[in-house]
Every structure is written in structure tokens, then in C-alpha cells.
Protein chains: 4
Amino acid sequence: MAAAARVFSEKGFGGASLEDVANEVGMLKGSLYNYIKSKEDLLFAVVRPDADELLMKARRLSGTDLPASEKLRQIARVHVEIIDRKLPYVSVYVQEIAGRGISQEWTDMDREYMSLIEKAFMEGVEAGIFADDLDVRVATRCFIGSLNWMTRWYEPGDPVRARAVADQLADVFLAGALARSRN
Amino acid sequence: MAAAARVFSEKGFGGASLEDVANEVGMLKGSLYNYIKSKEDLLFAVVRPDADELLMKARRLSGTDLPASEKLRQIARVHVEIIDRKLPYVSVYVQEIAGRGISQEWTDMDREYMSLIEKAFMEGVEAGIFADDLDVRVATRCFIGSLNWMTRWYEPGDPVRARAVADQLADVFLAGALARSRN
Amino acid sequence: MAAAARVFSEKGFGGASLEDVANEVGMLKGSLYNYIKSKEDLLFAVVRPDADELLMKARRLSGTDLPASEKLRQIARVHVEIIDRKLPYVSVYVQEIAGRGISQEWTDMDREYMSLIEKAFMEGVEAGIFADDLDVRVATRCFIGSLNWMTRWYEPGDPVRARAVADQLADVFLAGALARSRN
Amino acid sequence: MAAAARVFSEKGFGGASLEDVANEVGMLKGSLYNYIKSKEDLLFAVVRPDADELLMKARRLSGTDLPASEKLRQIARVHVEIIDRKLPYVSVYVQEIAGRGISQEWTDMDREYMSLIEKAFMEGVEAGIFADDLDVRVATRCFIGSLNWMTRWYEPGDPVRARAVADQLADVFLAGALARSRN
DNA sequence: AATGAATGAGCGTTCATTCAT
DNA sequence: GATGAATGAACGCTCATTCAT
């Protein structure tokens with residue numbers, strides 16, 4: 001599983017051969033079929049647990065009565081924390097599955113995750129703590145894009161930094177770059 | 001070229017065969033070799049002009065003495081405008097080249113574009129118009145991630161909307177979601 | 001085509017590899033795909049023309065107003081003549097397709113051929129020239145079985161002998177082994 | 001054994017995997033090797049007992065002083081009876097072994113069975129009860145072909161019908177289809 | 001006697017690439 | 001400039017067989 005995640009994230013799902021995966025674990029490609037039913041199967045098996053975990057945590061946060069800004073911050077933390085811990089897995093998800101209409105099931109997961117974030121943005125607007133001319137759809141997609149893009153630059157293995165990055169990301173989306181006139 | 005962009009963006013570079021491309025343009029795959037030297041060649045040819053254009057426009061804007069916030073807004077506009085006009089090409093770039101270390105040349109382009117944006121953020125901080133605790137590296141990468149992620153959700157063909165989306169994106173990154181206390 | 005017929009008839013369709021076929025014609029197995037779409041495709045292409053020919057000739061004979069015994073004799077001649085001329089092709093048909101429910105189309109062909117022969121037997125019974133206690137279904141199937149079994153013992157390449165064998169086969173089915181009391 | 005017969009007769013020897021066989025009997029393919037030495041071994045084991053039985057019974061009948069026509073009738077009965085009782089086994093024999101030169105041993109069995117029948121035909125001719133222009137070789141092969149072809153159409157499990165079919169088959173080969181002028 | 005895991009060879013198929021015409 | 005045919009390597013997958021447990 002970990003080998004597959006590594007190989008898929010390096011070469012892409014299409015570009016990686018099962019022989020590559022098998023070599024990583026020191027067996028022949030045919031032997032993999034004692035564990036998987038097909039290459040696609042392996043892809044889904046690699047990617048599903050963390051996708052499930054993230055969605056579940058986001059659901060839980062969404063159900064909370066935290067203020068919108070706090071919800072978004074926490075979601076960012078959770079998301080980055082998974083990236084930090086399981087980067088190859090998440091990379092594979094982002095590159096091979098997210099936003100591609102692979103199957104109804106995956107499309108539904110994608111959409112639900114997005115709509116949880118969108119709801120947080122909307123709650124913020126409705127509560128008056130977010131600007132009322134905020135374009136919620138665009139903000140949501142940029143928020144997610146920023147998180148997913150981390151798979152292309154974040155260097156994992158440092159939970160403290162993960163937390164810091166998540167907070168900075170949240171700061172940008174909440175307060176923006178401009179200096180606040182505090183008076 | 002356009003055919004290749006379409007095919008590569010739909011099926012991915014690895015997943016598309018030269019026969020697919022040839023079919024799109026009504027010839028046999030062998031005949032493509034009258035125009036290209038290799039499949040990889042074709043990939044670069046598809047992607048280069050718009051990458052060049054975007055980089056050049058960003059360079060020009062960066063050299064301006066516009067305020068940092070305006071530079072970022074304009075870069076966003078230019079970037080989104082190209083996405084709107086050439087989505088398949090940009091998609092291929094984002095999925096197959098950006099942030100993968102394909103070659104020194106492409107890595108350099110990537111890096112330069114990123115550093116132009118990072119410079120704008122830094123100028124803003126130095127000029128005091130951006131918050132002085134802004135994490136410039138993170139902000140830059142999120143900015144770019146948000147733009148690149150648009151290739152996964154933006155529906156092209158509407159320059160007016162492209163402009164609007166770019167502005168909303170810039171608004172988020174500049175002012176954030178929180179309502180400003182205007183006084 | 002001829003190479004495939006030879007190889008399939010020697011090793012069986014399942015036991016033969018496309019590499020075997022390719023070797024017979026001096027190319028690599030991949031090159032076969034310039035001519036066929038799949039291995040199954042090749043099987044059908046090998047087998048169809050003669051199957052069609054035999055069915056058409058049988059239809060024509062069936063439509064005639066020859067006496068039943070003559071119809072059967074002529075069908076036997078036509079059938080054996082094709083075996084003599086195209087043994088490998090017919091062998092493949094008999095071993096891989098006949099009576100196996102490969103597809104509706106082939107099942108229909110099989111059934112039609114059989115029913116043409118059955119009809120001849122029935123005509124003979126109705127006309128009173130065949131014994132009225134003849135079991136038409138069994139006779140038909142034995143007739144066809146005898147012809148198809150020839151693919152396992154007949155040595156082709158001698159049209160004169162083919163004709164003789166067909167006549168002897170017809171004699172057996174018409175007059176049987178017993179000596180007629182000629183009076 | 002029965003499982004193997006079923007599987008081989010359904011999918012063919014080449015098309016069936018040992019895993020198919022193992023599944024039928026509720027174990028894993030590896031475990032089969034506690035009972036067999038190889039896949040081919042299994043094939044022979046499946047097929048041998050009934051082949052032996054049929055040959056032995058045919059030998060015994062051949063040694064009798066029954067008239068030729070009665071010998072043939074009895075052989076047909078025995079043959080069809082085995083088909084009725086053990087269709088999958090016989091199917092495998094007919095499709096995978098009969099008339100293919102698998103090994104000397106099997107070829108010998110085939111040949112002996114055929115020559116027993118041929119001898120009966122010859123006896124009939126010599127005794128003057130069969131037509132003296134009967135082509136014994138062809139008649140023999142058609143007789144066997146008719147019997148073997150039954151594996152493709154006969155529906156087993158009804159000994160009474162088996163007996164009837166055998167008799168009808170014998171009637172065809174002895175008396176033919178033509179109505180006898182009884183006088 | 002059975003399991004689960006591994007092997008190694010082979011197969012059907014795809015595809016980038018070449019090249020004579 | 002295009003075609004059609006060929007190549008050679010790779011790939012996903014299957015399977016008979018082996019073997020330690």
C-alpha cells in the first residue's frame with residue numbers, strides 16, 4: 001500500500017507499472033495479485049482511507065457550533081495534518097481522482113467535502129463576520145485549491161510546521177494580505 | 001496542436017495515444033511524425049506558447065511601479081484570462097509539467113513565475129500595505145495553487161466572467177473573508 | 001488467415017498464441033493488430049467464409065425439388081468437398097464453434113444448417129421413400145456428426161476421394177449396412 | 001474428479017484453470033497438488049476409467065459370437081449408456097483426447113476401439129448379411145463420429161432414452177433411411 | 001491435508017516510433 | 001505530406017506449480 005502510494009505519486013497512476021510497485025516491495029508483479037484484484041483496485045485502496053478520514057473529520061467540524069472562521073481554520077489544520085502524515089497518498093488522490101469524474105462515489109465525496117467548506121463560508125457571511133460581497137463559490141474553490149496544491153510543494157514530516165502552515169493559510173483566507181487599520 | 005491539447009487535457013499525457021491525437025485531426029499516427037519529433041516534443045510544443053506568454057506578461061507587470069496589491073490583481077487577471085482562452089493547454093501544463101521537475105528549463109520557468117509573485121507579496125509587506133506578519137512563501141503558493149486549481153473547475157469561454165473571477169480571487173487574497181470594520 | 005487456420009486447428013484456439021500465428025507468417029505478434037481487432041476476431045474471420053458458403057449451398061439444395069435422398073447426398077458432397085478443400089478452417093469451426101453457444105449468430109447458423117438436413121429427412125419420410133419409423137432427429141444429428149467427425153480423420157487434398165467418401169457416407173445413411181434382399 | 005470433469009467439459013481443458021476446479025470443490029488451487037501431480041495428470045485421471053470401461057465392454061462384445069449387426073447394436077448401447085451416465089467425462093475425452101495424438105497409449109486405445117467396430121462391420125460383410133460393397137472404413141468412422149458427436153447434443157440422465165437413442169442410431173447404420181420393400 | 005504467498009513464464013493488447021512507398 | 005505496415009518493448013493480468021507453515 002505504502003509502496004503503491006509512493007510509486008503512484010512519483011510517476012502518476014498511468015505512468016507507473018505494477019512492476020514498479022512490486023519491485024518496491026521486493027516481489028514480482030504477478031504476486032501482487034494475491035493482494036489486489038486490479039491496478040485500479042489498488043489505486044482506490046491506496047487512496048480511500050485518508051479520503052474517508054478527512055471527510056469524516058470535516059463533517060464533524062461542520063456540525064459543530066464553532067464560528068465560521070474557526071471551522072475553516074480547523075478544517076485547514078486537519079487537511080494539512082493529513083498531508084503532512086500521508087503525503088504520497090494524498091498526492092495520488094489529488095492528481096488522479098479529485099475533480100475527475102472517476103465514479104459517482106468519488107464525485108459525491110468530492111462534492112460533499114466542497115459543500116462543507118462552502119457552507120462554512122456562507123455561515124460566516126450570514127453571521128455578518130464575513131464581508132457580505134464575498135463570492136462564496138470562488139472563495140471555496142480557492143481554499144481547496146490552496147490546500148490541494150500543497151501536495152506539490154509541501155515537505156512533510158513536521159507536524160509543527162504543518163500546523164503553522166495551516167494557520168497561515170487560514171489567516172490569508174480570513175484576513176487577507178492587507179494590513180488591517182486597527183483603530 | 002489544438003487537437004493534442006484537447007486530447008492530452010482529457011486523457012492525460014500518459015493516457016492519450018498519438019493515435020487519439022491523429023484521429024482528432026483526421027490522419028494516421030505515423031503521419032504525425034512529419035510535424036513532431038516525439039510525443040514529448042508535442043507536449044512541450046502544446047504548452048510552451050501560453051506558458052511563455054504568461055511569464056512575459058507577469059514579468060512586465062512585475063517591473064511596473066504599481067502598488068503590490070495592484071500587481072497581484074493584474075497578474076491574477078492575466079492568468080485567468082489565459083485559462084479562459086486556452087483552458088486545455090493550461091490544463092496540460094498544470095497537470096503534466098508544473099511543479100514536476102521535468103527539466104531544468106521548465107523548473108526555471110516555474111520558479112521565476114513564482115518568485116515574481118512572491119516579490120509582489122514582499123513589496124507589499126515592505127511598503128507596509130500588507131500585514132507584516134504575512135507568511136509570504138505560503139501566501140505565494142496558495143495564490144498560485146488557487147489559480148492553477150481553476151483548471152479543474154472553471155468553465156471557459158466567457159472573458160467577462162474570467163475578469164470577475166480574477167478580481168474575486170484577488171479580493172480574497174488581499175482583503176480576506178472577514179468583514180472590515182470601516183471607520 | 002490460412003496461418004491462423006493452421007495454427008488454431010493444430011493447437012486449438014485456446015492453446016494457440018498469437019505469437020504462434022505471427023511466427024507462421026514471419027512477423028511479430030503485435031503486428032497482427034494491423035489486420036485484426038482481437039484474437040476472437042481472428043477466429044471468426046478464419047471460420048466465417050466457409051461456414052457461410054456451406055450454409056448457402058445447403059439452402060440452395062434444400063430449395064430444390066430433388067428427392068430427399070438426393071438432397072442428402074448432395075449436401076454430403078458439398079460438405080465433404082469443403083472439408084477436402086479447407087480442412088483446417090473447418091476443423092476450427094467444428095472444434096471451437098459448432099454446438100457451443102458462442103453467440104446468437106453462430107447458434108442460428110448451426111441450427112439452420114441442422115434444420116435443413118432435418119427437413120430433408122422429414123420430406124423423405126412424408127414422401128414414403130424413407131421408413132416411417134425413422135427417428136428424424138437422431139438421424140439428422142448422426143448425419144451431421146459423421147460429417148463433422150471427418151475433420152478428425154479425413155486426409156484432404158483429393159477431390160475425387162472426397163466425392164467417393166461423401167457418396168459412401170450417404171449410402172450408409174440411406175441404405176444402411178444390411179444387404180438388401182433384391183427381388 | 002467429478003468437479004474437474006464438469007469444469008473441463010464446460011470450459012475446455014485449456015480454458016479451465018485449476019483454480020476453477022479447486023473452487024468447485026471448496027479448496028484453494030495449491031491444495032489440489034495433494035491429490036494430483038499436474039494438470040495433465042488430472043485430465044487423464046478424469047478420463048481414464050470410463051475410457052477403460054468402454055473399451056473393455058467393447059472387447060467382450062467383440063469376442064462374442066453374436067451376429068455382426070447385434071454386436072454393433074450392443075456396442076452402441078454400451079457407448080450411449082456411458083454418455084448418459086458420465087457425459088462430462090466423455091465430453092472431455094472426445095474434445096481433448098480422441099483422435100489427437102496425445103500419447104502412444106491413448107492412440108492405441110482409440111485405435112483398438114475403432115478396430116473392434118471395424119471388425120464387426122467386416123464380419124457382417126463376410127457373412128453376407130451386410131452389403132458387399134459397403135466401405136467398412138468409412139462406415140466405422142461415421143459410426144464412431146455419430147456416437148462421439150452425441151456429447152454435443154445429448155441430454156443425459158435418462159437411461160431409457162439412452163437405450164432408445166442407441167437403437168435408433170444402430171437402426172440407421174444397419175438398415176438406413178430408405179424404406180425396405182418387405183416382401 | 002490445507003493455506004497463503006510467491007514464482008516465472010506466458011498471453012493478449014497497446015503504443016511510440018520507423019520507414020519504404 | 002500521407003499511408004500502411006512493421007517493430008520492439010512494455011504492460012496488466014493469468015496460471016501451473018512450489019513450498020514453508
Round to the nearest Å and state the distance from [X] atom [atom1] to [N] atom [atom2].
{"X": "C:Lys11", "N": "E:dG10", "atom1": "NZ", "atom2": "C1'", "answer": "13 Å"}
{"X": "A:Leu42", "N": "F:dC13", "atom1": "CG", "atom2": "C1'", "answer": "14 Å"}
{"X": "A:Tyr35", "N": "E:dA6", "atom1": "OH", "atom2": "C1'", "answer": "8 Å"}
{"X": "D:Glu19", "N": "E:dG4", "atom1": "CD", "atom2": "C1'", "answer": "12 Å"}
{"X": "C:Phe8", "N": "E:dC11", "atom1": "CZ", "atom2": "P", "answer": "12 Å"}
{"X": "D:Met27", "N": "E:dA5", "atom1": "CE", "atom2": "P", "answer": "18 Å"}
{"X": "A:Asn23", "N": "E:dA6", "atom1": "CG", "atom2": "P", "answer": "14 Å"}
{"X": "D:Asn34", "N": "E:dA1", "atom1": "CG", "atom2": "C1'", "answer": "5 Å"}

For C:Leu87, what residues pass the side chain to side chain contact (heavy atoms under 4.5 Å, CB included) criterion, not counting sequence neighbours?
C:Ile83, C:Ser91, C:Thr151, C:Pro156
Would you tabulate the nitrogen or oxygen pairs shorter than 3.5 Å linking the protein to nucleotides 17-20 of chain E?
from   : atom 1 : to      : atom 2 : distance (Å)
E:dT17 : OP2    : B:Tyr33 : OH     : 2.6
E:dT17 : OP2    : B:Lys39 : N      : 2.8
E:dT17 : O5'    : B:Tyr33 : OH     : 3.1

Sequence neighbours left out, what pairs pass ring pair (Phe, Tyr, Trp, His ring centres under 6.0 Å) with at least one residue falling in residues 90-111 of chain B?
B:Phe44-B:Trp106, B:Tyr93-B:Trp106
A:Phe8: which residues meet the ring pair (Phe, Tyr, Trp, His ring centres under 6.0 Å) condition with it, sequence neighbours left out?
A:Phe13
What closest approach, in Å, do A:Asp50 and A:Ile82 show between heavy atoms, and which atom pair accounts for it?
O-CD1, 4.0 Å
What does C:Ala22 touch in the nucleic acid at a heavy-atom separation under 4.0 angstrom: a base, only the sugar-phosphate, or nothing?
nothing
Quick check against the 3.5 Å criterion: does A:Arg100 have a side-chain atom that pairs as donor or acceptor with the backbone of A:Thr107?
no
Approximate separation, where rounding is to 0.5 Å, of A:Asp20 CG and A:Lys11 NZ:
3.5 Å
Where at least one partner belongs to residues 29-45 of chain D, residue pairs that pass side chain to side chain donor-acceptor pair (under 3.5 Å), sequence neighbours excluded
none
Salt-bridge contact A:Glu105-A:Arg48 (side-chain N to carboxylate O under 4.0 Å)
yes
With both pairing distances under 3.5 angstrom for Watson-Crick or G-U wobble, and | for a partner in another strand, the correct string for DNA chain F is .||||||||||||||||||||
B:Asp108 and B:Gln104: side-chain hydrogen bond (donor to acceptor under 3.5 Å, both in side chains), yes or no, with the steps?
CA-CA 6 Å; B:Asp108 289 348; B:Gln104 194 54 50; 2.8 Å; yes
With a 4.0 Å cutoff (strictly under), does any side-chain N or O of C:Ser17 reach OP1 or OP2 of E:dG10?
no
Could you pick out which residue, D:Leu32 or C:Gly15, lies toward the 5' side of DNA chain E when each is mapped onto its nearest nucleotide?
D:Leu32
